[in-house]
Each structure stands twice: as C-alpha cells, then as structure tokens.
Peer 1: 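Got a structure for you, questions after.
When reading the values below, keep in mind they use all heavy atoms of this one structure, side chains included, and skip hydrogens, waters and symmetry mates. Residue numbers start from 1 in every chain, and the chains themselves are labelled A, B, ... in the order their sequence lines are given, proteins ahead of strands. All values reported here derive from a predicted model rather than from experimental measurement.
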Amino acid sequence: MFALVDCNNFYASAHRVFQPQLEGKPIIVLSNNDGCVIARSNQAKQIGIAMGTPYFQIEKFAQQQGVVVLSSNYSVYGDMSRRVMTVLANFAPTLEIYSIDEAFLNFSGLTFDLTDYALGICKTVKQWTGIPVSIGIAPTKTLAKLTNRLAKKGLSPDGQVWAWSKIADPDPLLAAVPVEDVWGISKGWGKRLRALGIEHALSLRETDPKRIRQHFGVVVERVVLELRGVPCIPLETVPPTRKQIMTSRSFGEKLIRLEDLRAAVTAFTARSSEKLRTQGLCAQVITVFIHTSPFDTKSPQYSNSITIELARPSQDSAYLIHCAAYGLERIFRPGYAYQRAGVLLPDLVPAGVEQFSLFDDNPVETHRSERLMEAIDEINRVYGRQAIRYGSEALSERWRMRQQFKSPSYTTRWTDLMTIKC
DNA sequence: TCTGGGGTCCTAGGACCC
DNA sequence: TCTGGGGTCCTAGGACCC
C-alpha cells in the first residue's frame, strides 16, 4: 500500500508561510528570468491563469485582478521541502522523496485506519511547517497519484485524504479522468490513445495490456497494469546516483560578446563542479551548448554544442572551466544574439574509483586540487555561494537573471532573517 | 522588450563480437 | 533458388516526470 503525499500549490504555499497576509489571495510564481507562470494559488487558478503562461501575456490582467506576483526562490522551496520530508519520515518505515513537493510513503502492513492516520499526517505537516498537503492511498503508485489528484479537487468525503479502498464504485470517477492526466501519460501518448478511442482512465484500464504494449511499449503497459491494481513501479527508498548533471540558464538580456558568454559558462561550470563534489562524482566529458532565442523569428538563429573529453575524470572546477572555455570558443560565432547557454556533464563516475591516465597522472597535483576544492566549498558554504569565484566569471554580470519580484531567503541567508518588531 | 530548468527511461538501429 | 545464429554496446530520438 502506497500513500502519495503532495504539497498543495507548493511554491505559493511556501511564500505564504513567511507572508501570511497572502492567505486567501491569488498568487503566481514565475520561472527563472520571470518568464512563465510555474505555480499558482487556488485563487489564481480560479481566475483562469494557466500553468506555463508567459508572464508578459498576462501582466496587465494580473494587475487588474490584484494578483500577487513573485519570482521563484529555490532556496526557500528547497529548505521548506526538506522540512516537510523530515516530518513525513516520522510516519512510515520507508519513504521515497519523489520530487521537491511529493513523497511516496510505504503504508504496507499497517493495520489501523489509514484515512485517520493520513489525516493526522496532514495536520502535523501543516502545524510543524505551515505547508498544506493532500494524500492519496492506494495499492499502486499510479492509483495513489490518481486518488491524490481527486482529493485535491475536493472530491473526497474525507477532505484532504482519499483511500482507494474506500471508494465503493471507482469506475465513474475513472471515466471522468482524461487519459493524459494519468501519471505517465501525457499529450503525445494521449493523442495516440485517443485516436484508438481510449479517452479516459477507465477505458485505458479496460484495454488489453498486450495490445497496449504492441502500440506503446512497456512503459504504457505498466500504466495499464497499475490502473488494474497490479504494482509494477516499486518504492525507491535510496535515491539512485545521478547519471548526469546540467546547469543552464536563459540570460537576463541577449548576449552578443564572447566575454559575456564566457562569464556565464564559467559560472555554470563552477556550479556543475560543485554539484559533482557534493554527490561524490567525477566527470569524464563536458558538453557546452549555446543558442539564440527560438521565439525571436526575425533575427538569425544559431545553436551549437560541443563535447570535450577530459584527460582524466575530474571534479576540479578550474580544470572543467578551462575545458568549457575552450569548447565555447570553438562553437561561438559572432553576430548572433544569444539567449541561453548551458553545461552538461553526461557521463559520471564515482569519485575515488576513476581511471587515471597512465602517462600524466600526478598524485601530488591531484591531492592539491582536492584540498583546494574542499577549501573553496567550505568558504562558500560559510560565507555564501559567491564568496569565492573564478576570474572569468567576474568578467561580466550581463547574463544574470531578471528577478523583479524576488523574496528574501528567510531560512538560508543570515541577512534575510525576519525581524520581529515589538 | 518579454517564453524555465533539470532529470529519467525505452526503443530502434547500427556497429561490433564469436 | 538457396548465404547462420546469438549476443553486446553505443547513440540518437522520443517519450515522460516534476
């Protein structure tokens, strides 16, 4: 038995914890660069603001409606997420942290009333963190997702919680769920399923799994089985090690000059290297990519990427930045207005077991590099991420994101702590 | 003016092996 | 007329998730 705990409107709710005056108001949270709407409070959903809408298209409307507009603040979401997960860990023998705002709890073998128990979880999480959550309980993950969704819609007689086993006749409910809303099915497959006359969760469940496998492969076959109550997707209690690490951003303004791009690529590589080290991994190759804006149809378009093989597996920022800068120079073409760049480390190996080169391995140099990186990471941890940077990053700040509506990082930065007036 | 960022898995096809 | 059988690895592309 699985319970899916999902935070309600997580980003909007996280802001409300620190700004309780936003309670009851329409809130939207924007993507990086204040580009698109990526989260909405219920009130914002009610007035018809759709997920993913470019902000500039609804700016006027939002003002008229008194919508509170916020830039995204990932240090706040990350910290609030950690708090919620810590609370949830008290309520089940094992759990899988599925995303920043969702966790699957292992409810197998519990003999007491699961609905009551889950209602207690909702209450505790809200009281201890300020975040409201909904819970779906079912024998498969796919059904737990589905019941959670129905509970969030307010269809459950038990409020924020719904258990699959308590639904006397689920078929009419399944018939009301569009097929592309089922976990694992989206627009592409939804379209193809509809072409076969499979339009909702109920008809998908009733379709022969073998036939589905022929048309769509094993992934969708598993969805059908899960809808039938046959568990195919197990709980993953230990997060698997990363297979790739990427850092990329759209720029605050379009960039023309190589120096500006080099500053951005340096920052992205330094960030990727930091992620490598916290996860105990080394990169063997590095990919750098740049492109112009696909929406700017009037200007000439260009995009390119290059992959550089490292001489040896590494997690050293300086070495990776050197390689990335070389790659950038190879693919940079003057005369274009670049909108975005990124750095991808696709082929990761665990640090400590990496294969060194037979010829240029220098243990002294390696040891020095490790100690240097440790020192930099420690200083940046204590004094803030930007305390020590690489010189080529400081060449330009033009790439930095627009964040017009940025809120303080209340719990992760000393200078942003709340002040209480007596 | 203005449109996010970071991941995973599966499959088919091509190349190779004996 | 007629040209084997069984396998692995890698990559690109396409789908999905949040």
Side-chain angles (χ1 to χ4, degrees), chain A residues 4-7 9-11 28-39 50-60 62 69-74 77-78 81 96-104 141-142 145 148-149 179-193 212-223 226 232-234 236 239-254 264 268 271-272 275 279 281 285 287 289 291-299 305 307 337 339-348 399 401-405:
Chain A
L4 174 66
V5 184
D6 192 324
C7 302
N9 313 324
F10 180 55
Y11 293 174
I28 56 174
V29 178
L30 304 179
S31 61
N32 278 343
N33 257 322
D34 297 335
C36 299
V37 176
I38 55 163
M51 190 73 166
T53 314
Y55 176 57
F56 71 90
Q57 288 177 4
I58 55 153
E59 190 174 353
K60 267 223 175 92
V69 182
L70 298 161
S71 300
S72 36
N73 186 334
Y74 288 95
Y77 311 145
S81 171
E96 171 186 344
I97 297 173
Y98 177 65
S99 74
I100 194 162
D101 72 332
E102 286 169 81
F104 287 101
K141 284 180 159 183
T142 303
K145 285 286 265 189
N148 181 294
R149 189 175 167 279
V179 71
E180 44 281 286
D181 286 0
V182 174
W183 189 43
I185 311 293
S186 191
K187 267 204 324 226
W189 283 338
K191 206 172 160 194
R192 285 175 55 196
L193 285 164
I212 289 291
R213 180 162 194 155
Q214 282 169 4
H215 282 85
F216 299 91
V218 66
V219 179
V220 183
E221 185 193 22
R222 280 202 282 252
V223 174
E226 286 244 325
C232 304
I233 309 169
E236 281 190 19
T241 55
R242 290 262 155 274
K243 297 184 170 166
Q244 60 174 50
I245 285 174
M246 174 154 76
T247 307
S248 82
R249 294 283 180 279
S250 295
F251 307 133
E253 60 179 285
K254 303 274 189 292
F268 302 159
R271 182 74 191 109
S272 289
K275 293 182 194 168
Q279 307 199 21
L281 298 167
V285 295
T287 300
F289 61 86
H291 57 78
T292 53
S293 169
F295 298 103
D296 188 356
T297 45
K298 278 171 261 164
S299 309
S305 74
T307 299
Q339 183 239 359
R340 182 182 156 100
V343 165
L344 176 67
L345 307 174
D347 217 359
L348 305 178
W399 62 273
M401 302 185 280
R402 283 187 307 274
Q403 291 188 304
Q404 207 188 327
F405 315 103

Peer 1: So for atom CD, which belongs to A/Gln404, do other residues, nucleotides or ligands contribute more than 12 heavy atoms lying within a distance under 6.0 Å?
Peer 2: no

Peer 1: Name the residue from A/Asp34, A/Asn32, A/Asn33 that meets the side chain to side chain donor-acceptor pair (under 3.5 Å) definition with A/Ser71.
Peer 2: A/Asp34

Peer 1: Can you tell me how the ring of A/Phe405 sits relative to the ring of A/Tyr55, calling it parallel under 30°, perpendicular over 60° and tilted otherwise?
Peer 2: perpendicular

Peer 1: Is the ring pair A/Phe289/A/His291 parallel, tilted or perpendicular, if the boundaries are 30 and 60 degrees?
Peer 2: parallel

Peer 1: Dot-bracket, DNA chain B: Watson-Crick or G-U, under 3.5 angstrom, [ ] crossing, | other strand?
Peer 2: ....||||||||||||||

Peer 1: For A/Lys187 and C/dA15, give me the distance from atom NZ to atom P, rounded to whole Å.
Peer 2: 11 Å

Peer 1: Determine the sole option in A/Leu344, A/Leu348, A/Thr307, A/Leu345 for which the side-chain contact (heavy atoms from CB on, under 4.5 Å) test with A/Val285 is passed.
Peer 2: A/Thr307

Peer 1: Show, in sequence, the C-alpha distance, side-chain angles and deciding distance for A/Ser293 and A/Lys254, and conclude whether the side chain to side chain contact (heavy atoms under 4.5 Å, CB included) test is met.
Peer 2: CA-CA 9 Å; A/Ser293 169; A/Lys254 303 274 189 292; 3.7 Å; yes

Peer 1: Report the residues that fulfil side-chain hydrogen bond (donor to acceptor under 3.5 Å, both in side chains) with A/Glu180, sequence neighbours left out, ordered by chain and then residue number.
Peer 2: A/Arg194

Peer 1: Using the P atom as the reference point in each nucleotide, state the distance between C/dC18 and B/dT3 in Å, no decimals.
Peer 2: 25 Å

Peer 1: Rounded to whole Å, how long is the line connecting atom CD of A/Glu221 with atom P of B/dC10?
Peer 2: 12 Å

Peer 1: Could you check whether any side-chain N or O of A/Gln339 sits under 3.5 Å from a backbone N or O of A/Pro294, counting only pairs where one atom can act as donor and the other as acceptor?
Peer 2: no

Peer 1: How does protein contact run along nucleotides 3-9 of chain B, one letter per nucleotide 5' to 3', with B for base contact, S for sugar-phosphate only, - for none, heavy atoms under 4.0 Å?
Peer 2: BSSSSBS

